[in-house]
Amino acid sequence: MSASSKHKNVIEVRGLRTQFDDFVVHNELDLDVRTGEIMGVVGGSGTGKSVLMRAIIGLKRPSAGTVKVFDQDFYEANEKERLSVERRWGVLFQGGALFSSLTVAQNVMAPLREHLHVEGELAKDMAALKISMVGLPAEAGSKYPSELSGGMKKRAGLARALALDPELVFLDEPTAGLDPIGAAKFDELIVNLKESLGLTVFMVTHDLDTLHAACDRVAVLAEKHVKACGTLDDVRQTDHPWIQEYFSGPRGRAALSAKAS
Amino acid sequence: MKDSPAHFDIDVDGGIMRLVVSGDWRARFLKEIDERLRDFADDSVGRDIVIDMRGVERLDTAGAMVLQRTLYACDQRTERSKIVGANEAQSALMDQIKDHLAPCHIMPLHRNAFVAMTVRLGMGVENAYKAALELLSFIGLTLVTAFRVITQPRRMRWTSTVHHMEEAGLDAIPIIGLMSFLIGAVVAFMGAKILRLFNADIFTVELVGIAVLREFGVLLTAILIAGRSGSAFTAQIGSMKIREEIDAMRVLGIDPMEALVLPRVIALVIMLPAIAFIAAVLGIIGGALVAASAMDISLALFSARFQETIIINHFWAGMIKAPFFAFVIAVIGCFQGMEVEGSAESLGQRTTLSVVQALFLVIVLDAFFAMFFLEIDF
């Protein structure tokens, strides 16, 4: 099996501090993501969920602390080490972030060409496979991103994120903006892919149903650090006003009863 | 861990093909083998096949995909075709892949090249016609909005107008001034060299004066503003269009023509003549300095000759054009911005178009003015 499964934590964040000028987003933030789990990160608006994701994938340099992915500190690594880490993860940005000048299939083929130098028929077959796996119809392959609906863009973005068979996938609000049926299908898709491909998933979300349906563990961001982390049941016990309101509010209860039924 | 690349052997065992695969079947190792595997599948269509995966060390979706593809390409769905020797994780992956083998479209379908070319030509002509009509109606709309705002001055957006006057006008002065100064100097140099042949050095004054006042000052300003602010207008309005800000304005009852277009148009119509004036002054200073340093025309002589021979008409002939140029640049910049749709690519195309069209129209207008002034002896 792959080398990463030897160590338990795929992501290790220690003492993370990020800030924009004087505004501190995170302070003394610790977080572990274990191999093979779906970690859901929740928090109120402006608690820096997306910033945390950006810090982990190397887009926002922390002002203190370390971020290790696959035992590699991305910000200390040289070009070659970075590239090898980048090949092992896939990222789905909030809006899909598809390249607008390429068709969906070409979007999926782009990382194959860049990283693996796979081209021609093999690349086309691989793109078709990924597009089918994320539940898009075959006709979607030749469409440009501007012709797609929001849900299809997310699926196409996921297909691109999965192009290199990553071990770790980052999802930024994967179900935001989808209708409940589409969102439920997306949750199911992620769980399915995780099972069949052995993925580790780091997911930023607002969606309580997604937390119930998909996530193995949940980390709650509040007051600039991880306030609670564990299974959904553990986290729900935490005595913190925001957490209580979040999980025990009307929507939290609705999601819970939906899960129970 | 040894990384031996993907490899396969073929056995025939009692009428059944055995494909014995081994090694690392991950995407990066499949490039070389994919072609041969396809050939094998083509040759073996309709035969029973057993794929023996015992030797596979690593497998990813791409590897599973090519193996499943081979299996389905060969067999006729008889019971005897199967995959053997896969471990649990591998067979789970193989099962997952099985339902997703259908090819997909990569590019939109293309028609016959000749037809496609004819269609493109036709569409180009039609689009040009439509764009011309739309541009005309946009100009009309701008004028109507302008009249409405003049009759109801309360609706004028001063803050925005002043902001654009600063951004598109004031901030452009250093670069335009410098360019104009240099152009004036260059014209003087060229003139001096040739006029000296005729012993007519002193006509450098007229050359610089007339060229800069009538044409260069205002034309140079218009060209730089078209590149600098016309494109900025398109990009600003275009990205607002992409983010649906324009639609948001409409439903809030804010007229985008009034809030976005008119302030920009007014700002340029006020500022371009002012900058053109500064440009003309600096151009003449550039010419005068060259005349003083490279020829025997002192600054005093230059100024005396200038006052004597350059009639005020030259100045007005230049300045009168400035607001027209400004109007064209601003309207085209805003128009192209409003035409942006959807993608970042469209924004890029429109920005390019905006600058090209603005420059083209500025120069066409300039030619018309030149003919007009010639006819009326201005």
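Just so it is clear, the structure is predicted and the values come from calculations on it, not from any experiment.
Between chain A and the options B:L30, B:T61, B:L59, heavy-atom pairs under 4.5 Å are most frequent for B:T61.
Between B:C104 and A:A128, the shortest heavy-atom contact is N-CB, 3.6 Å. Counting all heavy atoms, side chain and backbone alike, A:S132 lies closest to B:H100 at OG-ND1, 2.5 Å.
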So B:V66 and A:M126, side-chain contact (heavy atoms from CB on, under 4.5 Å) or not? Walk me through it. CA-CA 9 Å; B:V66 296; A:M126 284 169 69; over 6 Å; no
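The shortest distance between side-chain heavy atoms of A:Q106 and B:M107 falls below 4.5 Å. Residues A:R87 and B:R28 form a side-chain contact, since some pair of their non-hydrogen atoms from C-beta on lies under 4.5 Å apart. Under the 4.5 Å side-chain criterion, counting only non-hydrogen atoms from C-beta, B:R38 is in contact with A:D125. By the 4.5 Å heavy-atom criterion applied to side chains, A:L122 and B:E35 are not counted as neighbours.
Here A:E79 pairs with nothing under the side chain to side chain donor-acceptor pair (under 3.5 Å) rule; sequence neighbours left out.
Between the A:T103 side chain and the B:I106 main chain, a donor and an acceptor come within less than 3.5 Å of each other.
Proximity to chain B is absent for every atom of A:H115, based on heavy atoms less than 4.5 angstrom apart. Only the side chain of B:D34 comes within contact range of chain A, with heavy atoms under 4.5 Å apart. At a 4.5 Å heavy-atom cutoff, the contact between B:A27 and chain A is made by backbone and side-chain atoms alike.
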